[in-house]
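Heads up, the thing below is written out as structure tokens.
Throughout, residue positions are numbered sequentially from 1 according to the sequence presented.
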Amino acid sequence: MRKAIIVWGGWIGHEPEECAHRVAELLRADNFAVEVTGDLGIFGSPEIAKADLLVPVITGEKIEKAHADALVAAVRGGLGLGGHHGALATSFKESAPFRYVSGVTWVAHPGNIIDFRVNVTRQYDPVMEGIPDFDYRSEQYYLHYDPSVEILATTSFSGDYDAAARDVTMPVAFKRRFGSGRVFYSALGHVASEFDHPYMRLILRRGLCWAARSER
């Protein structure tokens, strides 16, 4: 049985504890042993590197450089890293090592909560198989992302809320390899109720399973 560690914290507007438990439900359905904790001190623990998947459901906060460096090394060694929305994209924004391994940084969401379209760009990838393009209501994330990512789904900005973003196509979901480890990110899931959207939930569930260490 693979082990996942979910760490929640930071800005309460993202409902981190509730979302952490919704993520745990998805992973338990795929036969993961799951530990959910609100103790950010776990990043200094060797238990992180022993896990198969790490999901930080954290907005903001700070991580010590030594802990961030250890996390980077753990992912290089095979630890899976994954998250949704603010997780990864807004976690530990002051940490260069964390930004390097996560591969994504949130910078804006013009219009705040709006309706937008998600376009599946890799229909035959196992993470996206059988999922059509779909409408979604949430924050439409404008991201800075690593050029190494494999983009699975995108969204296009109309420019109605910020002309600077007009006609920009931005990743909604991606995966990447980092050494022997894998990283998955989905921009969907601003609050816990969004887990009720079937495609949001399925993309995240499949993506986290893909990211998790497959063997030791």
Side-chain angles (χ1 to χ4, degrees), residues 2-10 14-36 51-59 75 79-91 101-104 106 109 113 116-141 143 145 149-155 170-178 181-214:
R2 292 185 291 179
K3 180 178 181 180
I5 298 176
I6 304 172
V7 190
W8 62 268
H14 275 157
E15 301 178 355
E17 184 174 12
E18 296 92 331
C19 287
H21 287 287
R22 294 297 295 265
V23 173
E25 291 173 7
L26 300 182
L27 293 174
R28 289 185 178 117
D30 283 313
N31 204 35
F32 280 83
V34 181
E35 177 183 352
V36 179
D52 300 299
L53 176 67
L54 174 67
V55 184
V57 186
I58 298 166
T59 300
V75 177
L79 170 67
L81 179 67
H84 71 281
H85 198 65
L88 298 194
T90 68
S91 308
V101 71
S102 67
V104 63
W106 167 83
H109 45 69
I113 303 295
F116 59 93
R117 187 77 169 167
V118 175
N119 301 110
V120 177
T121 54
R122 293 201 176 190
Q123 293 278 356
Y124 300 104
D125 188 282
V127 175
M128 308 304 295
E129 187 175 2
I131 298 175
D133 296 349
F134 59 93
D135 295 320
Y136 198 80
R137 182 172 179 80
S138 185
E139 292 174 336
Q140 187 182 30
Y141 262 15
L143 304 166
Y145 58 96
V149 304
E150 300 175 48
I151 298 172
L152 304 174
T154 63
T155 188
M170 187 64 57
V172 167
F174 69 72
K175 61 184 185 179
R176 72 187 295 228
R177 297 177 185 272
F178 192 90
R182 297 175 176 184
V183 179
F184 171 79
Y185 175 73
S186 168
L188 308 179
H190 174 62
V191 290
S193 62
E194 292 187 25
F195 281 76
D196 294 333
H197 192 290
Y199 296 142
M200 177 275 177
R201 190 171 59 247
L202 183 57
I203 290 169
L204 184 60
R205 178 179 176 179
R206 288 177 174 176
L208 293 179
C209 284
W210 174 85
R213 193 194 315 261
S214 57

Regarding Glu150 and Arg176, does a basic nitrogen lie under 4.0 Å from an acidic carboxylate oxygen? no

Answer yes when Asp52 and Arg213 have at least one side-chain N-carboxylate O distance shorter than 4.0 Å, and no when they do not.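 Counted as a salt bridge, because a side-chain N and a carboxylate O are separated by less than 4.0 Å.
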
[Y] backbone acceptor or donor facing [X] side chain under 3.5 Å:
X	Y	value
Arg177	Arg182	no
His197	Tyr199	yes
Glu129	Tyr124	no
Thr155	Phe116	no
Glu194	His190	yes

Which residue pairs satisfy the salt bridge (Lys or Arg N to Asp or Glu O under 4.0 Å) criterion with at least one member in residues 202-211, sequence neighbours excluded?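 Every pair satisfying salt bridge (Lys or Arg N to Asp or Glu O under 4.0 Å) with a residue in residues 202-211: Asp30-Arg205.
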
Looking only at heavy atoms, which two atoms of [X] and [Y] are closest? And how far apart?
X	Y	value
Ile5	Ala51	CD1-CB, 3.8 Å
Phe174	Ser102	CZ-O, 4.0 Å
Cys19	Val57	CB-CG1, 4.0 Å
Ser91	Pro56	OG-O, 4.1 Å
Tyr185	Ala87	CE1-O, 3.2 Å
Ala153	Met128	CB-CE, 4.0 Å

Please report the C-alpha distance between Ile113 and Glu139 in whole Å, then the side-chain angles of each, then the deciding distance to 0.1 Å, and finally whether the side chain to side chain contact (heavy atoms under 4.5 Å, CB included) criterion is met. CA-CA 5 Å; Ile113 303 295; Glu139 292 174 336; 3.6 Å; yes

Go through the steps to decide whether Glu25 and Arg28 satisfy the test salt bridge (Lys or Arg N to Asp or Glu O under 4.0 Å), and finish with yes or no. CA-CA 5 Å; Glu25 291 173 7; Arg28 289 185 178 117; over 6 Å; no

To the nearest 0.5 Å, tell me how far [X] [atom1] sits from [Y] [atom2].
X	Y	atom1	atom2	result
Leu143	His109	CG	NE2	11.0 Å
His21	Leu26	NE2	CG	13.0 Å
Leu152	Ile203	CG	CD1	8.5 Å
Asp133	Asn119	CG	CG	4.5 Å
Leu27	Arg22	CG	CZ	13.0 Å
Ile151	Lys175	CD1	NZ	13.0 Å

Report yes or no: do His84 and Ser186 form a side-chain donor-acceptor pair below 3.5 Å?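 Not at all, the side chains of His84 and Ser186 share no donor-acceptor pair under 3.5 Å.
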
My understanding is that only residues two or more places apart in sequence, or in another chain, count here; which of them pass salt bridge (Lys or Arg N to Asp or Glu O under 4.0 Å) with Arg117? Asp135

Less than 4.5 Å apart, side chain to side chain, heavy atoms only: is that true for Phe184 and Leu204? yes

Is any side-chain heavy atom of Val172 closer than 4.5 Å to a side-chain heavy atom of Leu188? yes

Out of the candidates Trp106, Tyr141, Tyr136, only one should pair with His85 under the ring pair (Phe, Tyr, Trp, His ring centres under 6.0 Å) rule; please name it. Tyr141

Taking Leu88 as the fixed residue, which of Ile58, Val55, Leu81, Val101 is the one that meets the side chain to side chain contact (heavy atoms under 4.5 Å, CB included) rule? Leu81

